[in-house]
Protein chains: 2
Amino acid sequence: MSQHHDHGHCIASAMDTAKKLCEQQGARLTPVRRRVLELIWQNHKPIGAYELLPQLAADGFNSAPPTVYRALDFLLELGVVHRISSLNAFIGCDQPGLSHPTGFFICKECGNATELPAKHLTKLAQALEAELGVSIESGSHELSGLCSSCRTAA
Amino acid sequence: MSQHHDHGHCIASAMDTAKKLCEQQGARLTPVRRRVLELIWQNHKPIGAYELLPQLAADGFNSAPPTVYRALDFLLELGVVHRISSLNAFIGCDQPGLSHPTGFFICKECGNATELPAKHLTKLAQALEAELGVSIESGSHELSGLCSSCRTAA
DNA sequence: GTAGAATTGCAATATTATAACCTAAGGGTA
DNA sequence: TACCCTTAGGTTATAATATTGCAATTCTAC
Ligand SMILES: [Zn+2]
Ligand SMILES: [Zn+2]
Ligand SMILES: [Zn+2]
Ligand SMILES: [Zn+2]
């Protein structure tokens, strides 16, 4: 996770991609869905569903659990957000649009989560399919430790 | 997951290993901890904490959530049980005693979970550490699809 | 035996997620 | 436009998972 990136650009780019994906698929990026995606990107770290609720409320949106879970389900389905189950949290996808195996490295110090390069995950899946005789359809990889910045600081 | 294994042996062997690990570490395999581990192995599929409660109650144990969560925490710490966070469930460890990266393949058809060979997971972790400049301390890999039996059946 | 530590019992509560049911809004078609 | 149908959102309640806090007990070391 780079510390010095243009974060406004991050968000704008993610919103733009989501809009395009919706148009391609005939899906509707409604105000609440759009706002949830913005909040997830503004946060830029894994964020829990219940942390989103007050932020939605502050914007005048309805803020009951089903509202945010529905929006999250939509965004997950669209492929612009991932769920990190070991944290019960959600984060924006780096490479939305491309269907790809998902995994994250989460720094236990700073909390930042970096999406893992799909290349390695695909390779692992192939090796496991060959060795176990299974067919893998989906998966998630959640690793934890110190990111390079936090390692340097320590 | 082999369908034709001596399941009684599975359980006995797991209990024996747990006992030895406790002796080595000066930890206490108390009745409720022992029973929780037995129940997990008897089930032989990922099992939720709240599924264990009534089974404990049937044996005359206290059966409030903290009881089972404490036992699970102890067994996780001891390394004889793993948590599968995408299922909010627990399962016995294949290679207890050896500290190893953990991952599972879970068949979406039959529900069986197979622990992934550590070799591949270690290799992935090393590749990611090199590429991302991070240091990985723990991780979990949860894959889903069809196991070889269910593939054949389908 | 006694002090200190670990374990358990117990009640309450926190956190995360979904169900059920109804209303409102969009979108195509005659 | 009027109609119908589908999707999305509002609202209330509840389910499912997990933890906190404190008192009582049991174990262990001395
Ligand atoms: Zn992604
Ligand atoms: Zn960090
Ligand atoms: Zn294991
Ligand atoms: Zn199967």
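Quantities reported herein were computed from a predicted structural model and do not represent experimental measurements. The sequence lines fix the lettering, A, B, ..., with proteins before strands; numbering per chain opens at 1.
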For [X] and [N], what is the distance between atoms [atom1] and [atom2] respectively, to the nearest whole Å?
X      : N       : atom1 : atom2 : answer
E23(A) : dG27(C) : CD    : P     : 13 Å
L29(A) : dA8(D)  : CG    : P     : 11 Å
L87(A) : dT15(C) : CG    : C1'   : 14 Å
D59(A) : dG9(D)  : CG    : P     : 15 Å
L52(A) : dT15(C) : CG    : P     : 15 Å
E51(A) : dT16(C) : CD    : P     : 8 Å
F90(A) : dT15(C) : CZ    : C1'   : 13 Å
R34(A) : dG9(D)  : CZ    : P     : 13 Å

Between F61(B) and R28(A), which has a closest nucleotide on DNA chain C that is more 5'?
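First, find each residue's nearest nucleotide; the 5'-ward one identifies F61(B).
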
For E38(A), check salt bridge (charged side-chain N to carboxylate O under 4.0 Å, His left out) against everything at least two apart and list the hits.
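Residues passing salt bridge (charged side-chain N to carboxylate O under 4.0 Å, His left out) with E38(A): R35(A).
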
First locate atom [atom1] of [X], then atom [atom2] of [Y], and finally report the distance between them rounded to the nearest 0.5 Å.
X      : Y       : atom1 : atom2 : answer
M15(B) : L37(B)  : CE    : CG    : 4.5 Å
S86(A) : R83(B)  : OG    : CZ    : 9.0 Å
S85(A) : E142(A) : OG    : CD    : 4.0 Å
K20(A) : T17(A)  : NZ    : OG1   : 6.5 Å

Can you check whether R83(B) has a side-chain N or O nearer than 4.0 Å to OP1 or OP2 of dA18(D)?
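For R83(B), the contact criterion (side-chain N or O under 4.0 Å from OP1 or OP2 of dA18(D)) is met.
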
What is the bend of the helix from dG1(C)-dC30(D) to dA30(C)-dT1(D) when you compare the axis at one end with the axis at the other, using five pairs each and rounding to 10°?
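The angle separating the two end axes equals 30°.
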
Strictly under 3.5 Å: I want the nitrogen or oxygen pairs between protein and nucleotides 11-16 of chain D, one per line.
none

Exercise: do S140(A) and T102(A) side chains pair donor with acceptor under 3.5 Å
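No.
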
Going by the angle between their ring planes, with limits at 30° and 60°, are H7(A) and H44(A) parallel, tilted or perpendicular?
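Answer is tilted, since the angle falls between 30° and 60°.
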
Go nucleotide by nucleotide along DNA chain D from the 5' end; which of R33(A) and A49(B) gets its closest nucleotide reached first?
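Between the two, 5'-proximity favours R33(A).
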
Going only through I, L, V, M, F, W and Y residues with side-chain contacts under 4.5 Å, is there a path from I40(B) to Y50(B)?
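They do share one cluster, since a chain of ILVMFWY contacts under 4.5 Å joins I40(B) to Y50(B).
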
F90(A) ring center near H82(A) ring center (under 6.0 Å):
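No.
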
Taking the side chain of T30(A) as its heavy atoms from C-beta onward, which of dA17(C), dT8(C), dA8(D) lies nearest to it?
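Looking only at side-chain atoms, T30(A) lies closest to dA8(D).
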
